[in-house]
Amino acid sequence: MDSSSSRMRMSVIGVVVIACFVALFARLWYLQVMEAPALAVQASQNRTRVVASEAPRGRILDSKGRVIVDNRTSLIVTIDRNQLRKVKDRDELIRRVADVLTTNGAPIKVSTIEKRLADQQYDQLQAVPIATDVTEEVVHHLAEYAEDFPSVTTERRTVRYYPYGTTAANVLGYTGRITAEGLKTLQPGSDPDGVVKTYQPDSIVGLTGIEAMYEQELRGTPGIEMVQVDYRNRPVGTESYQPPRPGNDVQLHIDIEVQIRAEQSMSDRLAVLRGTPQRDGTIRRSPAGSVVALDPQTGGVIALASYPTYDPQEFANGITQERYLALQNINGASALLDRSISGQYAPGSTFKLVTATAALSNGLIDANTSIYDDGVFKVGNPEQEFTNAGKQKNGNINLVRALTVSSDVYFYWLGARMDGSTLIQDTAKAYGFAQRTGIDLPNESAGYVWTKADKRALHNKYPQAYPEGDWYTGDNVQLAVGQTVVTATPIQLARAYAALANGGTVYQPHVAWRIIRYGGSPAVLADVLRTIDPVVTGTVSLPPDVRGPIVAGLGGVTSGEGTASSAFVGFDLGAFPVVGKTGTAQVDGKADTSFFASYGPAQSPRYSVTAVMEESGFGAEAAGEVVRHVYELVAGQALTGAGSATSGTRD
Amino acid sequence: MLHQSISSRASARSRRDPTSPLRHVDPILLGCVAFLAVVGIIAVYSATRGPGPTFSHSYLFKQTMFVAIGVGVMVLLTLVDYRKLHDWAWAFYGITTALLVIVLSPLGDASNGSQSWFAIGPFQMQPAEFAKLSLVGVLAFLLSEFRGDIDLRRLLALLATAAVPMALIILQPDMGQVLIMLVIVMAMLLIGGLPTRYIVVLTVIGVMGILVALNSPVLHDYQRARLTAFMNPTDRSTSAVYNLEQSQQAIANGGVLGRGLFDGPQTRLGFVPEQETDFIFTAVAEQFGFVGGAVLLAVYGLLLWRIWRIAHIARDSFGTFLCIGVLAMFAFSAFENVGMAMGIMPVTGIPLLLISAGGSSIITSFAALGLVLNVHMRRFR
C-alpha cells in the first residue's frame, strides 16, 4: 500500500470522527437549547408530587355571633404503607397496633385495620388513617415505644365540632370525604386572595345543609406542598410550600336559642302525644314534625327544626353503613330528611288565608258578607255533602268569624263560588305555593296547587294513578280548605304568613346572613366580608280592605272562641299579640296532621312561626302549643309545660 | 559525576539529547487526560452521592483511587520503548483471552444479565475492557508484520485473532464491547492496508450480519429492544425507552448554563439509571448545561485529534496501528455513549472512557493513552 493511500485512509478516519462529533454537538444543542423548555417541564413533573393538606373549614355562627359549628383537633393513628412494606414482621406489627388501641380506649380489630390499609381511596404518598379520635394515652404509648411501631404515626387533624350537639343538624348538615363524583363536579371556590381552593381525593367537603350550600366559602385553601421525589417515588425534599389557610366563617339568621326552643318543644310535645288517641279514637303515632320561624321583614330563617334529627358529630370522622341506615328509620321516620323544607302536606285550614285573600281581593265578598252556617254544605250534581268538623253549627257568620272559629262551610261556599276560575290557585302562587322557595338548603320540595288543567294533564299522563280527570265543584271546595288537591311545605306556609305579616312581600327565605373572616367577629365591620341581601320573589296585593278582615279573623284565633285559644291560655297576648291559624289535615287511616301558622307581634311583626306535626291530631292541641313555646321565648315570657295530650278544638 | 543521582543524570542527558523521550511528552494530550479524569471524578461523585442529607462517598474514593492507579500504569507504560512491548502483545492477548474464558465459568459473576465480572473483594474486574486493549496490541503486531501486504490467508488470520475474544464476549453477553471491538478491527484493517475489495466485501457481510443478528434468536428480546429503541422513540412499552426519555429530559433540564454542581435534580434524585457509567454524560449535561457538555466534547475531540496526530507522525507502522486502535476505541466509545444518552444511538452498556465509573475501564484507558504517549515520545528514536 502506497503512502498516499495510507494518508487518504487516515483522513477518512479523521473525517468520520469529526462527523460523529458534529452530530453529538448538534444533538446537544437541540436538546439543551431548542427543546429544553418543553422537556424540562416533563422532567419537573417527573420529580415532583403535590401533597395537599386540608385547611380548617370556616366556622358557622348564629345571628348573635355564637359559634354553632367549630373545629376541634382529633387524634388519629396512621400507617404509612410505603414504610410498612419494609417492615419485617408486618402482621405482628398490626396485631400490636390493634392491642395498643384496644387497651387504651379505642378498640379496633385487626381485620378493620387491614380493611383500611387496603382502601384504594388513599394516595400512595399519604399515610392511611386507621383509627380516629383515639385517646392521648394511645398517642403517648406510640410515641414512647416508637421504635416498636415503624411506619405508625399519630396525627392531630382538624374535624368538625358541634357545641350545641344535635341542634340545627338539619340546617347545618355534615361533612365527609369527597366522592369520586364530587371530585369531578364540585366547582372549587377561591379565597380572598384569589387562590383556588382545589380538591384532592381525600378532601373533606360539606355533603348536606349549609355545609354543602356554602362549601365555596367554608372550605379552606389547602396547603400545597410540592414534594420532590426520587425515581422510586420516595419524598426527598420540598420544592415549594403554600401553607393552608382556613375558610370563611358563615353567620346564619338562625338564633340558636330559638332553634333549641323549637326543637325541644317539638320533641316534647310529640312525646306527650305519641300513643294517645285523638278525638275520633285514632292512635297518634306522632313520629315527626317541623317548626319554621322566619323574620317577616327579611325572609331570614330564625329557626328551622325537623324531628327526628341526627348528631352531625357522627359524621365528623366518617359514619358506618349500619348507623347510616339506622338514622333513616327512627320510629318509621328518617332523621336525614329535613321536613321543614321537603315535607309536603295538605295544609288544611291554614290554607284559608289564600282562599280569603282570593275572595276579598276579587270582590266576591267584603268583611261583612255573611252566610248561614248550619254545619253542612251541599254542592254539585250528583250532590256531594261537606261538613264542618263535628258538624258544628256556627249560625250567621262572616269572614272574620269564619277564620276565627274555622268555619269550613263558609270556605266551602267560597270554593264553590270560585269554581270555574283559577282565582284561588293564582293567589296561592302569589303567596309562593306550588314552587320552591329558593331557600339556601338542598332538597327542597315544591308542593302543588292543582288547577283543572293540572288534574287533566296528570290523568292523561298517569291514568292508573289518577283515574279521575274531570274537575268537579267538589275539587274547588276541597281546595278552598286546603285538602286533597293542594300540598305545601312548612317553609312555604311560614313564608305566606310572613307575607301577610309584612303587608304582601314574599321573600326568598335565607338561612345564611353574612360571610365573616375566619375567627373574626360579626360585630367588627372589617371582618364582615359580604352580606347576603334579602331577595324578594313576589308580592301579594293586600290593601287594607283585604288584609284588615283577614288579620282581624286570624287575630281572634288565639283567644276567646278562637280555635287555638286553648293552646294560648296563660300567654300574655296583650304584650305579644299572635295572629295565626290552626289547621288539621285528614290522612286516611292515620291520625290528623296538625298545623299552626302564625306571626307576631301583630302590630310590628318580627316572627312568622309555623309548626307541622305528623299524625298528631288537631292544630291547636299539637302544633299550636309548640308555636306558643317559641313565642314565649322571643316575647320574654315564662315557658309553660308540655301540656296534656288532649286540649283544643277541632278546626 | 559519581555523586550525581541517576535521575539527575537522566535529566541532564535529556537536556542535551534532542531525541530524548522526556523532551517529547505531549503536554496537550496530558492536559486533556487530566481534565477529563478530574471531570470524571466530579461527575461520578455527583451521580452517586444520593439526595442527601447524608452523602455517599464510596464512588468518589473508588474513582479517585482508580485514576491514581491508572496514572501509575500510564507512567509505567511510557518508561519502556513501545517496540519492546511488541513481543508482549501475544502474552497479554493470551492472558485476557484466558480471563474471558474463566469469567464464563462459575468463578465469574453476573450482573444485569451478563456474566462479565470477577468479584475481587469490594471491587469488580471486567476482563472485556482489558481484552479490547490486548486486541489492539496483537492486531498492531500482525499488521506491522504484514507491512500492508494482506492476502486472504492473512486477512483470515487477522479476523480469527479478533473473533476469539469477540465470540467469548458475545457469550457473556456484552454487545457493547463487541461493537467497540468491531469498530477497532475495522479501523485498524483500514489503516493496516486492507485492499479495497476486501473492505467492500467485509462491509457488505457486516451490514447483512447486523440485519440477520437483529432478527435472529441469538439476541434476547430486551437486547433487540434496546438496540432499536432509539429508532422508535414513541414506543413507550420498553424500559429502554423510559431510560432514553429520562436521560434526554435530564439533559434538557440542564439548559444552556446547567443547574450547577450537585444541583441537577434528575441526577440527584436518581431518575436516570446507570448514571455513573452508561449515562454519565447526562449527569454532566444536567449540571453544567450546554456549555459544560460542549466543553467536555471539545476536550474529548482535542484528545482524539492528538491521538490521530500521533498515529500520523509515528516513527513506525506498529506505532501508527497502536494509535489508530486506541483512537477507534476512544472515538467510538464516546460517540456511542454520548449518542445513546442523547437518543441518537442504540442503548448499549458502553462506558465513556476516562469519565465513567469503573476500575477496569479507567485503568485500560490510562494504559492505552500511555501507549499512545509512548509512541509520541519515541518518534525520533
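All values derive from a computational prediction rather than experimental measurement. Each chain gets a letter, A, B and so on, in the order the sequences are listed, and its residues count up from 1.
Of the two parts of B:Ala311, the backbone and the side chain both hold a non-hydrogen atom closer than 4.5 Å to a non-hydrogen atom of chain A. Contact annotation for B:Phe332: neither backbone nor side-chain heavy atoms come within less than 4.5 Å of a heavy atom of chain A. Residue contact with chain A, scored on non-hydrogen atoms closer than 4.5 Å, is absent for B:Leu296. Contacts between B:Leu304 and chain A at a heavy-atom distance below 4.5 Å involve the side chain alone, from C-beta outward. Heavy atoms of B:Arg259 lying under 4.5 Å from chain A belong exclusively to its side chain. With a 4.5 angstrom heavy-atom cutoff, B:Ala334 touches chain A via backbone and side-chain atoms both.
For the atom pair CE (B:Met345) and CG (A:Leu24), the distance works out to 9.0 Å, reported to the nearest 0.5 Å. With rounding to the nearest 0.5 Å, the separation of CZ in A:Arg7 from CD1 in B:Ile191 is 12.0 Å. Atoms CG and OG1, from A:Leu31 and B:Thr282 in turn, are 10.0 Å apart once rounded to the nearest 0.5 Å. With values rounded to the nearest 0.5 angstrom, B:Phe290 atom CZ is found 7.0 Å from A:Phe25 atom CZ. To the nearest 0.5 Å, atoms SG (A:Cys20) and CD (B:Glu336) are separated by 10.5 Å.
Heavy-atom neighbours of B:Tyr59 OH from other residues, nucleotides or ligands within 6.0 Å: at or below the threshold of 12. Other residues, nucleotides and ligands contribute more than 12 heavy atoms inside 6.0 Å of the CZ atom of B:Phe262.
Listed here is the closest heavy atom pair of A:Ala36 and B:Gly255: CB-CA, 4.5 Å. Closest heavy-atom contact between A:Ile13 and B:Ala187: CD1-CB, 3.8 Å.
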Practice item. Apply side-chain contact (heavy atoms from CB on, under 4.5 Å) to B:Ile344 and A:Tyr30, showing your working. Key: CA-CA 12 Å; B:Ile344 57 172; A:Tyr30 173 76; over 6 Å; no
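Contacts with chain A were tallied for B:Ile251, B:Ile150, B:Leu327; B:Ile251 has the most, counting heavy-atom pairs under 4.5 Å. Contact count versus chain A (heavy atoms, under 4.5 Å) is highest, among B:Ala331, B:Gly289, B:Gly293, for B:Gly289. The greatest number of non-hydrogen atom pairs below 4.5 Å with chain A, out of B:Ala285, B:Ala250, B:Pro195, is found for B:Ala285.
Of the residues listed (A:Gln32, A:Arg27, A:Glu35), the one engaging B:Gln248 in a side chain to side chain contact (heavy atoms under 4.5 Å, CB included) is A:Arg27, and it is the only one.
Side chains of A:Arg9 and B:Thr196 form a contact here, defined as non-hydrogen atoms less than 4.5 Å apart.
At distances below 3.5 Å, at least one donor-acceptor pair connects side-chain atoms of B:Trp308 with backbone N or O atoms of A:Met10.
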